[in-house]
Amino acid sequence: MKPKTVTPEMIYFLLTRKVKSKKTLKNIKPIILMALFKTFPDVLGDLNTYFTNATAFVNTTTHLAVSAAKLDVLNPLMTGSVNAWDVIYPASIGDNSNHNFRTKRNILIGKIEVCLLDIFDNIPKDLWTVDDRSTLRRPEKATTHTHSTEYPNAPTIETNNIQHLGITLKFTNPATPGTQEIPAKQHMYLETFIGPAGLADADIKWSDGENLTHFLDTIHYSDAQVGLTAYHRVCYESTRKERSVYSAVHKVVIT
């Protein structure tokens, strides 16, 4: 029998576990859906719910055998201090939030996600149940692979924070400005040049860059570079080394 066409409605129902009849999708190949699935939700409120539920789950689901050492890293990030998620997140949203709390929240997101992924990756495959994978949004990996491709646009760069001898840059995908996600099978490639102010883009001598996998990156400078201008440009680079177009040049004075 010829497989049915996959529609957005079918994908939505399957990912949110609202399909009441397996017969509806019995001929759809699951590999198509696996490629679209993300562990961490894009919407901030949903991410908060996920962090809370996932932390409780790995602490109480004994058959997953999560080590006490790894929980000792995760749990203080979530609760128990003024710098934990259960304090920072509520203060970072709504009309009374401020830049300081939003910055702390974004840093915490990166730390918690890394910690949870480390826990998940170290749970033996044979300990996972179907319910575990559903709750933690960790479907079994597909056995076939799709190739990455050149991404159609560049990230945007903005200054997140300036301190003495350090500048924190924030990178956003203009195609999905409401999230901190890097497109699948891509990382960012950042190039930097230090020179006098006012250089035309065509006169900048770009050198080797660095690979980035997070939406925030702090670059450090020397005392000798104070007063000079840091020029940056960034692109997406696929796992096959195919690069997108570059961003507009970002310029900031080193203090």
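Side chains included, hydrogens not; waters and symmetry mates left out as well; all remaining heavy atoms used.
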For a quick test of your reading: what N or O donor-acceptor pairs under 3.5 Å do the side chains of residues 77-94 make, sequence neighbours left out?
{"unit_1": "T79", "atom_1": "OG1", "unit_2": "D86", "atom_2": "OD2", "d": "2.7"}
{"unit_1": "S81", "atom_1": "OG", "unit_2": "N83", "atom_2": "N", "d": "3.2"}
{"unit_1": "S81", "atom_1": "OG", "unit_2": "A84", "atom_2": "N", "d": "3.4"}
{"unit_1": "W85", "atom_1": "NE1", "unit_2": "N48", "atom_2": "OD1", "d": "2.8"}
{"unit_1": "S92", "atom_1": "OG", "unit_2": "Y89", "atom_2": "O", "d": "2.8"}
{"unit_1": "S92", "atom_1": "OG", "unit_2": "R105", "atom_2": "NH1", "d": "3.4"}

Review point. Do D42 and T176 touch side chain to side chain, with heavy atoms closer than 4.5 Å?
Key: no
Review point. Using a distance-only test with no angle check, is there a side-chain donor-acceptor pair under 3.5 angstrom linking N100 and T103?
Key: no
**Study point:** R133 backbone acceptor or donor facing R138 side chain under 3.5 Å
**Key:** no
Check your understanding: Any sub-3.5 Å donor-acceptor pair from D118's side-chain atoms to C115's backbone N or O?
Key -> no
Review point. Can you hop from L228 to V249 via hydrophobic side chains spaced under 4.5 Å?
Key: no
Point to revise | Distance in Å, T62 OG1 paired with L127 CG, rounded so as to fall on 0.5 Å steps | key: 10.5 Å
Revision key, fill the gap. Residues 197-207 vs side chain to side chain donor-acceptor pair (under 3.5 Å), sequence neighbours excluded, gives none
Practice item. Give a yes or no answer on whether the side chain of T60 reaches the backbone of A56 with a donor-acceptor pair at less than 3.5 Å. Key: yes
Check your understanding: Do the side chains of I194 and V226 join up, straight or via other hydrophobic residues, at under 4.5 Å, putting them in one cluster?
Key -> no
Review point. Taking only residues two or more places apart in sequence, or in another chain, which ones meet E113 in a salt bridge (Lys or Arg N to Asp or Glu O under 4.0 Å)?
Key: none
Exercise for review: Report yes if some heavy atom in the side chain of I204 is under 4.5 Å from a heavy atom in the side chain of H232; otherwise report no.
Suggested key: no
**Study point:** Sequence-distant partners of K125, salt bridge (Lys or Arg N to Asp or Glu O under 4.0 Å), two or more places apart
**Key:** E140
Show me the donor-acceptor pairs within less than 3.5 Å that the side chains of residues 153-165 make with the rest of the protein, sequence neighbours left out.
{"unit_1": "N153", "atom_1": "ND2", "unit_2": "N173", "atom_2": "OD1", "d": "3.1"}
{"unit_1": "T156", "atom_1": "OG1", "unit_2": "T172", "atom_2": "O", "d": "3.2"}
{"unit_1": "T159", "atom_1": "OG1", "unit_2": "H250", "atom_2": "NE2", "d": "2.9"}
{"unit_1": "H164", "atom_1": "ND1", "unit_2": "T255", "atom_2": "O", "d": "3.4"}

Point to revise | Y189 backbone acceptor or donor facing Y236 side chain under 3.5 Å | key: no
Exercise for review: Would you kindly confirm whether I107 and F101 end up in one hydrophobic cluster when ILVMFWY residues are joined by side chain heavy atoms under 4.5 Å apart?
Suggested key: no
Revision key, fill the gap. Here the pair of heavy atoms bringing E150 nearest to E242 is N-OE1, 3.4 Å
Review point. How many angstroms lie between CG in L136 and CD1 in I123, if you round to the nearest 0.5 Å?
Key: 7.0 Å
Review point. Are L47 and L117 in one and the same hydrophobic cluster, where Ile, Leu, Val, Met, Phe, Trp and Tyr link if side-chain heavy atoms are under 4.5 Å apart?
Key: yes
Practice item. Hey, could you give me the OG1/NZ distance between T168 and K170, rounded to the nearest 0.5 Å? Key: 12.0 Å
Check your understanding: Taking C-beta and beyond as the side chain, do L199 and T229 meet within less than 4.5 Å on heavy atoms?
Key -> no
Point to revise | pair F215-T179: side-chain heavy atoms closer than 4.5 Å | key: no
Review point. Looking at residues at least two apart in the chain, or sitting in another chain, which of them share a ring pair (Phe, Tyr, Trp, His ring centres under 6.0 Å) with Y221?
Key: none
Check your understanding: Does L74 reach the side chain of I112, with side-chain heavy atoms less than 4.5 Å apart?
Key -> yes
Check your understanding: Is any side-chain heavy atom of N53 less than 4.5 Å from a side-chain heavy atom of T135?
Key -> no
Point to revise | Sequence-distant partners of D217, side chain to side chain donor-acceptor pair (under 3.5 Å), two or more places apart | key: none
Exercise for review: Please answer: with hydrophobic residues joined when any side-chain heavy atoms are less than 4.5 Å apart, are V252 and L216 in the same cluster?
Suggested key: no
Review point. Is the closest side-chain heavy-atom distance between Y50 and L116 below 4.5 Å?
Key: yes
Review point. Quick one: does N106's side chain have a donor or acceptor within less than 3.5 Å of a partner on R102's backbone?
Key: yes
Check your understanding: side chain to side chain donor-acceptor pair (under 3.5 Å) with R243: which residues, sequence neighbours excluded?
Key -> E237, Y246
Check your understanding: Does D223 have any salt bridge (Lys or Arg N to Asp or Glu O under 4.0 Å) partners at least two apart in sequence or in another chain, and if so, which?
Key -> none
Review point. Do side-chain atoms of R137 reach the backbone of K38 as a donor and acceptor pair under 3.5 angstrom?
Key: yes
Practice item. List in chain and number order the residues that pass salt bridge (Lys or Arg N to Asp or Glu O under 4.0 Å) with K111, two or more places apart in sequence or in another chain; answer none if no residue qualifies. Key: none
Review point. Taking only residues two or more places apart in sequence or in another chain, which ones pass ring pair (Phe, Tyr, Trp, His ring centres under 6.0 Å) with Y231?
Key: none
Practice item. Would you please name every residue forming a side chain to side chain donor-acceptor pair (under 3.5 Å) with N211, sequence neighbours left out? Key: H187
Study note, to complete from the structure: Taken to the nearest 0.5 Å, the spacing of S67 OG from D72 CG works out to 8.0 Å
Check your understanding: Is a donor on one side and an acceptor on the other found under 3.5 Å between the side chain of D132 and the backbone of W128?
Key -> no
Exercise for review: Kindly indicate whether the side chain of I182, heavy atoms from C-beta on, has any atom under 4.5 Å from the side chain of F171.
Suggested key: no
